[in-house]
Amino acid sequence: MINLIYNEMVKLTGKKRLLVVSLIIGILISLFTYAQYRQAEETLRRMGSVDWRIALEQRISGWESRLNSSRTTEESRKELEIRIAQQQYYLDYDVNPSEPGAPTFVRGFVKNGISLLLPLMVMVIAADLVSSEHGAGTMKVLLTRPVRRWRILLSKYLALLLSVSLIITLFGMLSALISGAVFGFQGWTAPVLTGFAVNEGQLDASGVHMVPQWQFIVMELGLAWFVSLVVATITFMLSVLVRSTAAVMGIMLACLIAGTILKTMVASWESAKFLFMVNLELIDYLQDAAPPIEGMSLGFSLLVLLIWGAAALAVSFVSFTRRDVY
């Protein structure tokens, strides 16, 4: 099995997919770091040095103005009330939610990348793991080896798992190093509040506790790894079922983009909470109190994604071991 996995990793590195993904991640992190640096400079030029408490109070004041507006919908009103209560909690306990430095950048970048950027990166790796064997005509040769089919497919999946782990690790390291070179490396031990929940539309702070920022980032990366692995597994299934790599990438791209659109429209569509793309933003549950649909929680979304991933893996193995190759 080790030799099979090694061969699959050699194939992946030979196609230079991992190298391309690494370069894309590095370039994007550099661009976003520069953009945030220019934004911080512009803000400092226009407003001068502003205490974080004053900035947070101004943000709360703006939300309260929207809350009192007659044009604000009832759903938006509930979300604003929760966010105001949450930010007020930061003020009451004197915790800066945006402690400047590399940790803050990493924390925000992982959160923003978990639902689209990271899934797209792992999709590039997973899309042609099996379908490319059909396209290149090497599938028949591969199956003539004295190795059971399930072992061949398992080696491909384990190689995919290693690749996903490498991408997430690289994502975290490059984010910290590149942003740290610009913003500095301070703030790793700054306290972050987590554990907010919503019960019957009201903010529940009974489970709130403080964790160091580095620990919170590790939690974020762990959730990002899980989401990326589930998306990679579903893409892997499509690679087994569909012989065209372009079709696999098109299907997954449509699903991921649909997820980013649906999350703003599904509040009244309760059954949509069982779609995997609506459950990708797991990091929101660590700090943001308002779920996309009533009844959703971190445990619920983890379970939904786990079921999708397990089902996709089962379909992959059943199809690959029983399907005729021609």
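For the numbers below, each heavy atom of this structure counts, side chains included, while hydrogens, waters and symmetry mates do not. Numbers here are sequence positions counted from 1.
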For Leu117 and Asn112: C-alpha separation, side-chain torsions, deciding distance, then whether side chain to side chain contact (heavy atoms under 4.5 Å, CB included) applies.
CA-CA 8 Å; Leu117 177 58; Asn112 292 325; over 6 Å; no

Mind running side chain to side chain contact (heavy atoms under 4.5 Å, CB included) on Val106 and Phe109 for me, showing each step along the way?
CA-CA 5 Å; Val106 176; Phe109 196 56; 5.8 Å; no

Please determine whether side chain to side chain contact (heavy atoms under 4.5 Å, CB included) holds for the pair Leu286 and Glu220, giving the CA-CA distance in whole Å, both sets of side-chain angles, and the decisive distance to 0.1 Å.
CA-CA 9 Å; Leu286 298 180; Glu220 281 191 326; 4.3 Å; yes

Passes side chain to side chain contact (heavy atoms under 4.5 Å, CB included), Val240 versus Leu153? Steps please.
CA-CA 9 Å; Val240 173; Leu153 192 65; 4.0 Å; yes

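For the pair Val164 and Ala232, the tightest heavy-atom approach, listed with the atom from each and the gap, is CG2-CB, 3.9 Å. Minimum interatomic distance between Gln213 and Arg107 (heavy atoms only, all atoms of both residues): OE1-NH1, 2.6 Å. When every heavy atom of Ala224 is checked against every heavy atom of Leu118, the shortest pair comes out as CB-CD1, 3.8 Å. Scanning all heavy atoms of the two residues, the minimum distance from Pro103 to Ile217 falls at O-CD1, 3.4 Å. Nearest heavy atom pair, residue Lys111 against residue Asp284, reads CE-OD1, 3.1 Å. Taking all atoms of both residues into account, the shortest heavy-atom contact from Met237 to Ser316 is CA-OG, 3.1 Å.
The NZ atom of Lys156 lies 7.0 Å from the CZ atom of Phe320; values are rounded to the nearest 0.5 Å. Atoms CZ and CG, on Phe300 and Leu305 in that order, are 9.5 Å from each other to the nearest 0.5 Å. In this structure, OG on Ser22 lies 11.0 Å from CD1 on Ile27, to the nearest 0.5 angstrom. The distance from atom CH2 of Trp308 to atom CG of Asn279, rounded to the nearest 0.5 Å, is 10.0 Å. Between the OG atom in Ser165 and the CG atom in Leu229 there is a gap of 7.5 Å [rounded to 0.5 Å]. Note that CG of Leu28 is 11.0 Å distant from CG of Leu23, once rounded to the nearest 0.5 Å.
Using a 4.5 Å cut-off on side-chain heavy atoms (C-beta onward), Leu18 and Ile125 make contact. Contact of the Val122 side chain with the Thr235 side chain is not registered, since no non-hydrogen atoms from C-beta on lie closer than 4.5 Å. Put simply, the side chain of Leu67 does not reach to within 4.5 Å of the side chain of Trp63, judged on heavy atoms. At least one side-chain heavy atom of Phe317 sits under 4.5 Å from a side-chain heavy atom of Leu154. Counting only heavy atoms from C-beta outward, the side chains of Phe274 and Ile307 never approach each other to under 4.5 Å. Under the 4.5 Å side-chain criterion, counting only non-hydrogen atoms from C-beta, Thr33 is in contact with Phe183. At least one side-chain heavy atom of Leu223 sits less than 4.5 Å from a side-chain heavy atom of Leu302. A heavy-atom distance below 4.5 Å is not found between the side chains of Ser228 and Ile167.
In terms of modelled atom types and a separation under 3.5 Å, the side chain of Thr189 and the main chain of Pro212 share no donor-acceptor contact. Without hydrogens or angle criteria, Ser319 side chain to Val315 main chain gives no donor-acceptor distance under 3.5 Å. Side-chain atoms of Ser69 never come within 3.5 Å of backbone atoms of Ser65 as a donor-acceptor pair (strictly under, hydrogens ignored).
Note: the hydrophobic cluster containing Ile29 does not contain Tyr34 (ILVMFWY, side chain heavy atoms under 4.5 Å, direct or indirect links). At a threshold of 4.5 Å between side-chain heavy atoms, the hydrophobic network of Ile, Leu, Val, Met, Phe, Trp and Tyr places Ile24 and Leu174 in one connected group. A single hydrophobic cluster is not seen to contain both Val230 and Leu303; linkage of ILVMFWY side chains at heavy-atom distances under 4.5 Å, directly or through other members, places them apart. In this structure, Leu166 is a member of the same hydrophobic cluster as Val218, with clusters built from ILVMFWY side-chain heavy atoms closer than 4.5 Å. Under the 4.5 Å side-chain heavy-atom criterion for Ile, Leu, Val, Met, Phe, Trp and Tyr, Leu19 and Leu162 are members of distinct hydrophobic clusters.
A distance of 6.0 Å or more separates the ring centres of Phe32 and Phe105.
Within a 6.0 Å radius of CH2 in Trp214, other residues, nucleotides and ligands contribute 12 heavy atoms or fewer.
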